[in-house]
Amino acid sequence: MSEKQVTLSKKTYLPDPHYRKEAWCKDAEHAYQGYLTDPDGFWARISHELEWFEPWQKVKEWKHPFARWFINGKCNISYNCLDRHSAGSRRNKVALFWQGDDGTTRSYTYWQLLREVERFANGLKSLGVAKGDCVCIYMPNVPEQVIAMLACARIGAVHSVVFAGFGSDALHARITGAGAKVVITADASIRRGKTIPLKPILEEALIDATTVNYIVVLRTQNPKVSLLPEFEMDFYELMDSVGKKCPPENMDSEDPLFILYTSGTTGQPKGIIHTTGGYMVGTYYTCKYVLDIKDSDVYWCTADPGWITGHSYIVYGPLLMGATIFITEGTPDYPDPGVWWSYIEQFGISIMYTAPTAIRMFMRYGNEYPDKYNLESLRLLGSVGEPLNPEAFEWFYHTIGKGKLPVVDTWWQTETGMHMITTMIGEPMKPGFAGKPIPGVLVDIVDKAGNPVPPGISGQLIIKEPWPSMMRMVNQNEERYRTYWSGPDNSFGASDLAVRDEDGYIMILGRSDDLIIVSGHNIGTAEVESALVSHKAVAEAAVVGIPDEMKGNRILAFVLLREGQIETPKLKQDLIYHVRITLGPIAIPSEIRVVDSLPKTRSGKIMRRVLRAVELGEDPGDLSTIEE
Ligand code: PRX
């Protein structure tokens with residue numbers, strides 16, 4: 001039931017013309033026309049701003065559903081992120097500022113970051129890691145996490161970064177799914193002044209993970225955690241035991257760069273594979289033209305490298321641009337809800353790229369916190385991960401942007417690797433709308449029959465042409481990959497519902513599949529359900545997303561208990577704890593309801609939409625296939 005009439009607001013903010021004049025992209029409309037006239041020439045021009053060890057011979061080859069980009073080009077993304085700048089005028093520029101949870105700060109110039117990456121890359125080599133091997137990175141948001149990613153890229157190892165908030169089962173699935181040879185972790189992460197051990201979670205995840213030969217541990221705690229000889233290595237001892245120079249591996253454009261797991265609509269997460277050349281060009285392009293990064297900026301993306309936003313817009317894209325990036329291990333409201341605004345004042349942050357869930361949290365705390373700090377260094381605000389609802393847009397625009405800064409609400413996905421839809425800097429902004437496809441991207445909104453819907457009518461969002469940073473494969477699941485590209489006229493189905501207004505501005509309405517976006521994180525209903533049924537008291541479970549003012553959505557779980565099990569508050573607690581341990585805190589249901597039966601189709605599929613409709617007091621729709 002994707003097509004329905006949506007009432008759209010016409011409210012528009014016109015930014016001051018000087019933003020457009022000073023932006024890298026001065027005329028998005030013109031750039032878009034340029035792309036339409038000569039798509040390959042468009043991408044070729046961008047690719048020439050980066051360094052290739054050997055030039056590519058052809059921009060792309062598209063044999064539906066498989067694409068190759070920058071064919072036979074040889075390059076290395078870590079070289080483009082580091083060596084290119086270290087050899088030139090950015091050598092002594094700060095590449096990375098870091099602020100710890102306890103207020104400690106560290107910084108690395110491009111020169112210093114390159115040295116660290118080279119040594120760690122040699123360390124990985126000394127553990128037998130070679131081009132094409134997979135390395136799992138399970139670390140908090142510390143500079144060493146960035147160093148580990150770039151070191152993998154340098155030697156051609158495929159990294160699989162796992163968000164440090166995931167529990168042991170989720171980590172196990174990601175380690176074994178990717179066949180990681182080495183796992184890099186830390187003894188602990190620090191949050192809100194508390195030490196949260198990470199290594200024990202990894203130890204549990206490593207049971208029966210037969211591909212792992214070594215783990216590398218960043219030890220920050222005193223006394224130091226002990227390490228198992230021959231198997232567990234200290235991060236810095238490993239670096240100190242090897243040579244200092246590590247030439248970048250000659251990578252083919254289509255050599256894999258990383259695997260990143262994202263929630264699936266089955267119980268198993270999907271390992272999205274991105275390759276080197278196209279991803280490099282796509283993230284560079286969007287950092288330049290959407291986020292408008294300049295040499296004078298201090299750029300802060302508040303995500304974690306454990307998500308695609310962190311890969312594309314903390315690490316690779318900004319460093320390709322030679323930016324100064326800021327990262328923090330801290331949480332947004334510790335020691336108080338003014339801490340983020342204090343970073344902006346302290347570091348002179350000029351571009352802030354964050355998530356609607358954080359914006360809504362700050363709205364709740366009120367203006368007194370941002371008002372305490374001087375935010376004049378800011379010149380661009382960005383949002384990603386879920387719809388930036390008009391109320392959140394207004395607050396961000398007025399309270400943080402002082403009613404004058406451009407706000408770019410960027411729509412994209414793990415699968416797309418780069419921004420796809422936004423309002424380019426200097427264009428009129430419409431609260432609630434992400435904007436238009438960026439130059440280089442062709443999208444449409446279609447009905448069930450695959451026909452484009454008129455403005456004001458919702459439908460499925462599709463992408464009509466390949467783009468350089470598109471995922472190349474789902475790890476060990478070609479069939480799943482193929483289904484992405486099975487939209488009308490062989491298009492890519494984004495699994496999002498969207499609506500367009502008369503000006504072509506697109507509003508994203510939410511997912512059309514069984515993924516729930518909680519605080520900007522994708523959670524698969526099936527993953528939570530299988531975590532629940534893995535508890536001995538549960539026979540069956542169904543999980544639905546319910547709108548939530550703060551988090552966008554929250555998880556409501558219905559469970560059917562096994563014979564002899566009795567509903568008690570303690571049992572519900574246990575179930576929540578069980579999900580927390582197996583999947584991680586982000587996947588915890590906000591409520592557990594014990595029920596006697598679940599609505600199912602005659603073929604036994606749980607009808608989640610019925611549960612959701614009943615919960616929200618909405619029409620459950622067609623019930624003809626329901627069993628009882
Ligand atoms: O539903 C859309 C939502 O996040 C999904 C992609 O999630 P993930 O692969 O985890 O990547 C998140 C970071 C890019 C999309 O299918 N989404 C992402 N950005 C927006 C959004 N929904 C609305 N507006 C956005 N700006």
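The analysis underlying the following values was restricted to heavy atoms, covering all of them including side chains, and did not include hydrogens, waters or symmetry mates. For reference, positions follow the sequence shown, starting with 1. Counting starts at 1 for both ligands and their atoms, in listed order.
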Measure from [atom] to every heavy atom in [options] and give the option owning the shortest one.
| atom | options | value |
| --- | --- | --- |
| atom 5 (C) of ligand 1 | Asp409, Thr422, Ile517 | Ile517 |
| atom 7 (O) of ligand 1 | Thr309, Leu260, Asn522, Leu509 | Asn522 |
| atom 11 (O) of ligand 1 | Thr416, Thr414, Thr262, Asp513 | Thr414 |

Can you find a pair of side-chain heavy atoms, one from Trp395 and one from Arg364, that are under 4.5 Å apart?
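They are not in side-chain contact.
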So which pairs with a foot in residues 165-175 pass side-chain hydrogen bond (donor to acceptor under 3.5 Å, both in side chains), sequence neighbours left out?
Ser168-Glu204
Heavy atoms from other residues, nucleotides or ligands near [atom1] of [X] exceed 12 (cutoff 6.0 Å):
| X | atom1 | answer |
| --- | --- | --- |
| Arg580 | CZ | no |
| Trp485 | CH2 | yes |
| Glu615 | CD | yes |

Per-residue contact class, Leu515 against ligand 1 - non-hydrogen pairs under 4.0 Å:
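It is neither; nothing of Leu515 touches ligand 1.
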Within the 4.0 Å heavy-atom shell around Pro387, which atoms of ligand 1 are there?
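Listed by number with element, the hits are 22 (N), 23 (C), 24 (N).
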Going by the order shown, which atoms of ligand 1 are within less than 4.0 Å of some heavy atom of Val384?
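So the answer, numbered in order with elements, is 13 (C), 14 (C).
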Taking both backbone and side-chain atoms of Asp496, is any N or O found less than 3.5 Å from an N or O belonging to ligand 1?
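So ligand 1 has an N or O lying under 3.5 Å from an N or O of Asp496.
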Suppose we measure from [atom] to each protein heavy atom; which comes out shortest, and what is that distance?
| atom | answer |
| --- | --- |
| atom 25 (C) of ligand 1 | Glu386 O, 3.5 Å |
| atom 6 (C) of ligand 1 | Trp412 O, 3.7 Å |
| atom 3 (C) of ligand 1 | Gly385 O, 3.3 Å |

Would you say Asp496's side chain and Ser512's backbone share a donor-acceptor pair under 3.5 angstrom?
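Checking the backbone N and O of Ser512 against the side chain of Asp496, no donor-acceptor pair under 3.5 Å is found.
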Centroid-to-centroid, Phe326 to Trp98, below 6.0 Å?
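That pair fails the under 6.0 Å test.
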